[in-house]
Amino acid sequence: MYICLFIHSNHTPRCVYLHCEANSNTGSGTSQSKLILHFVGMGFPEKLVAQAIEENGEGNSESILETLLTYSVLENSPQQQKPSDSDHSSSDYYENFDDDLSDSYSWSEDEESTDSLPIKDKTVLALAKMGYTTDEASIAMERCGPGSSIAELTDFICAAQMAKAADPFLLDEEKPKPKRKFFENELWKRKRHRGCDRRMTFEDGETIRLPNPMIGYGVPTELCPTPYRSLPEGAMGPPYFYYENVALAPKGVWDTIKRFLYDVEPEFVDSKYFCAAARKRGYVHNLPINNRFPLLPLPPRTIHEALPLSRRWWPSWDTRTKLNCLQTCIGSAKLTERIRKALEDHQEGEPPLHVQKYVLDECRKWNLVWVGRNKLAPLECDEVEMLLGFPKNHTRGGGISRTDRYKSLGNSFQVDTVAYHLSVLRDLFPGGVKLLSLFSGIGGAEVALHRLGIPLKTVVSVEKSEVNRNIVRSWWEQTNQKGNLIDFNDVQELDGDRLEQLIHSVGGFDIVIGGSPCNNLAGSNRHHRDGLEGKESSLFYDYFRILDLVKCIMAKR
DNA sequence: GCTACTATGAAAATAAGT
DNA sequence: ACTTATTTTCATAGTAGC
């Protein structure tokens, strides 16, 4: 039996996910017995499963799992008797479970004896008894919100510990090493072990460094031979996968992402080699890298080519040829007004150097372009659409506000860049692809594949924002797609059962594409740049969870 | 409720200098 | 090689007005 324990953190109710290959024997029987079989297949004892189903009802398998996991935390239950299988990875997990749970604490007892305490204190106490520091507990409570389950909180703490441990700079600190308790599971160990091995071969704690120039395995506009790369065995498809996020994430983030995504080296590419705006991103994928080809026509690659009207007003001392990263917000009118005034004070000739510096700094910070004499302005929505490689008016209409257009666009792929990487799929799937698109946004991946001439046979798309779903749906209809577009609101809807169902009806996915939220990683975020464990950015773990499930389910077929 | 608008640095990579 | 300076960054929170 193969058991993959996945742990992640998030403020929303979620469970630790387990699945295995040996639980496919869901032939006949009542729905209840099927359900029991399902959880027993995950390694839970039948007695507990029956109890959990009774408590939660048959309908809600997620809360059943939650309950089961809570049991597992609370009791040194027979569940820890690992399957007497030969699989070592699961045994590691269960051994730890045993060791760590043998401490004599009991959640339910605490609950009785500390009834007088506020719930918060009670929870902190419980976590402290489990070996976590009160600091860790408080932070977790704060971040996960009141009413979070113990399982969620411990998930959170564990995830935070993993992130810290993955950071070589933090390892050296004099801080006592956090206890990992039973969360030192198979997955964590496996990944961490690999990470250490790697580091050993690289002398001092080597972390992922960004390449300079940031051209990944090559870009169409620079002459360079395509290097050879060999993928780790665990990364081989099917399905193919393609993951994206900001390159300039806090330290250690890409190391963690890489470890989860089967140790595949990220490909860092700046979209300034594809269009007139910079966009430094990391892509982790298992696609072939030979014989890529770009979308045609090649988009304009300088500001002047992209925005010919601005040329007339562009002063010679503004030496920019590329725009900086297109973000979700634009410069204010007040700012452009301040700049105009500063410039008008010096009509004759060029403004003094300190004014030039001030203006240029603001131009770079806000991606302002010249639209008149001494007149600067932020980019228009349709200009952003064009720069990112979307069809004109892609995000226009249908009730979307201007602010939301900027936001959706700023969070999107640069289509030409992604298309270049995905172009190898055209020969691999001449009949078209079946795509699982997570965090689809405004459909950058779909647009890229379509423009590459790769038919979209099926697209299962998951996107939280309704306006974004509408944009994709509307694009789907306007481009007369022949395939089937199925959309979901939340990645949480895609649990093992749903995926199995989908894969069964669709016939498997050819590629899983997704760029998980970056807002807790992005440098522009002054308030909550919390790293991969942040509220939204931790959804990366759902990308991994779903990808890994798809991998496992498809391997069974 | 929605929408537009504005003020709000820090972390980390890169460039430049010694 | 080391230090210092410069550059860049898929954003959030609060407010005002409708």
Side-chain angles (χ1 to χ4, degrees), chain A residues 167-170 204 207-214 243-255 268-272 275 277-283 319-320 322-339 356-358 360-368 377-381 384-385 387-390 395 399-415 417-418 439-445 463-468 514-532 534-537 539-540:
Chain A
D167 188 335
F169 294 101
L170 281 173
D204 57 343
T207 50
I208 291 178
R209 288 182 60 107
L210 301 179
N212 189 8
M214 200 182 278
Y243 174 80
E244 178 260 11
N245 216 319
V246 291
L248 282 78
K251 277 185 176 170
V253 165
W254 276 107
D255 299 86
F268 292 102
V269 182
D270 189 339
S271 293
K272 74 177 182 184
C275 68
R279 205 168 189 79
K280 298 177 182 64
R281 296 293 181 269
Y283 305 88
T319 54
R320 291 176 296 161
K322 302 272 185 186
L323 293 161
N324 278 337
C325 185
L326 305 171
Q327 308 201 86
T328 56
C329 296
I330 60 170
S332 68
K334 282 260 169 63
L335 174 66
T336 54
E337 171 72 0
R338 280 197 295 269
I339 294 176
Q356 286 184 21
K357 167 122 175 75
Y358 161 69
L360 271 181
D361 282 349
E362 297 297 330
C363 282
R364 291 201 176 97
K365 190 188 294 181
W366 292 105
N367 263 333
L368 304 176
L379 293 165
E380 285 296 320
C381 293
V384 180
E385 276 172 355
L387 287 161
L388 288 175
F390 287 93
T395 59
I400 187 172
S401 74
R402 207 176 140 78
T403 312
D404 281 346
R405 281 183 81 184
Y406 281 116
K407 188 172 174 187
S408 292
L409 285 161
N411 283 314
S412 169
F413 288 163
Q414 206 288 326
V415 171
T417 312
V418 171
F439 315 105
S440 306
I442 57 175
E463 170 57 39
K464 189 103 185 152
S465 152
E466 192 187 346
V467 288
N468 284 350
S516 62
C518 69
N519 51 349
N520 304 125
L521 311 178
S524 336
N525 190 340
R526 283 135 151 99
H527 300 91
H528 298 105
R529 195 182 187 188
D530 303 329
L532 204 54
K535 194 173 161 190
E536 285 84 21
S537 292
L539 288 169
F540 157 73

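Labels below follow one simple rule: chain letters A, B, ... track the order of the sequence lines, proteins then strands, and each chain is numbered from 1. The analysis underlying the following values was restricted to heavy atoms, covering all of them including side chains, and did not include hydrogens, waters or symmetry mates.
Residue-level contact check: A:Arg364 touches the backbone only, with heavy atoms under 4.0 Å from sugar-phosphate atoms and none from bases. Counting any heavy atom pair closer than 4.0 Å across all strands shown, A:Arg402 reaches sugar-phosphate atoms only and no base atom. Looking at heavy-atom distances under 4.0 Å, A:Asn411 makes contact with a base. As judged by a 4.0 angstrom heavy-atom cut-off over every strand, A:Cys518 is placed among the base-contacting residues.
With both ends at atom P, the span from C:dC10 to B:dT8 equals 22 Å, rounded to whole Å.
No donor-acceptor pair under 3.5 Å is formed between the side chain of A:Asp530 and the backbone N or O of A:Asn520. Side chain of A:Asn324 to main chain of A:Arg364: a donor-acceptor pair is present (N/O by atom type, distance under 3.5 Å, no hydrogens or angles).
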Enumerate the protein-to-nucleotides 10-12 of chain B contacts in which both atoms are nitrogen or oxygen and the separation is below 3.5 Å.
| from | atom 1 | to | atom 2 | distance (Å) |
| --- | --- | --- | --- | --- |
| B:dA12 | OP1 | A:Lys251 | N | 3.4 |

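First and last contacts of DNA chain C with chain A, using any nucleotide atom under 4.0 Å from a protein heavy atom and ordered 5' to 3', fall at C:dT7 to C:dA13.
Under the Watson-Crick or G-U wobble criterion, with both distances below 3.5 Å, C:dC2 is paired with B:dG17. Nucleotide C:dC10 has no partner under the Watson-Crick or G-U criteria, as no pair reaches both atom distances under 3.5 Å.
Considering only side-chain N and O atoms, A:Thr403 lies under 4.0 angstrom from the phosphate OP1 or OP2 of B:dA4.
Taking a cutoff of 4.0 Å between a charged side-chain nitrogen and a carboxylate oxygen, A:Arg405 and A:Glu380 do not qualify as a salt bridge.
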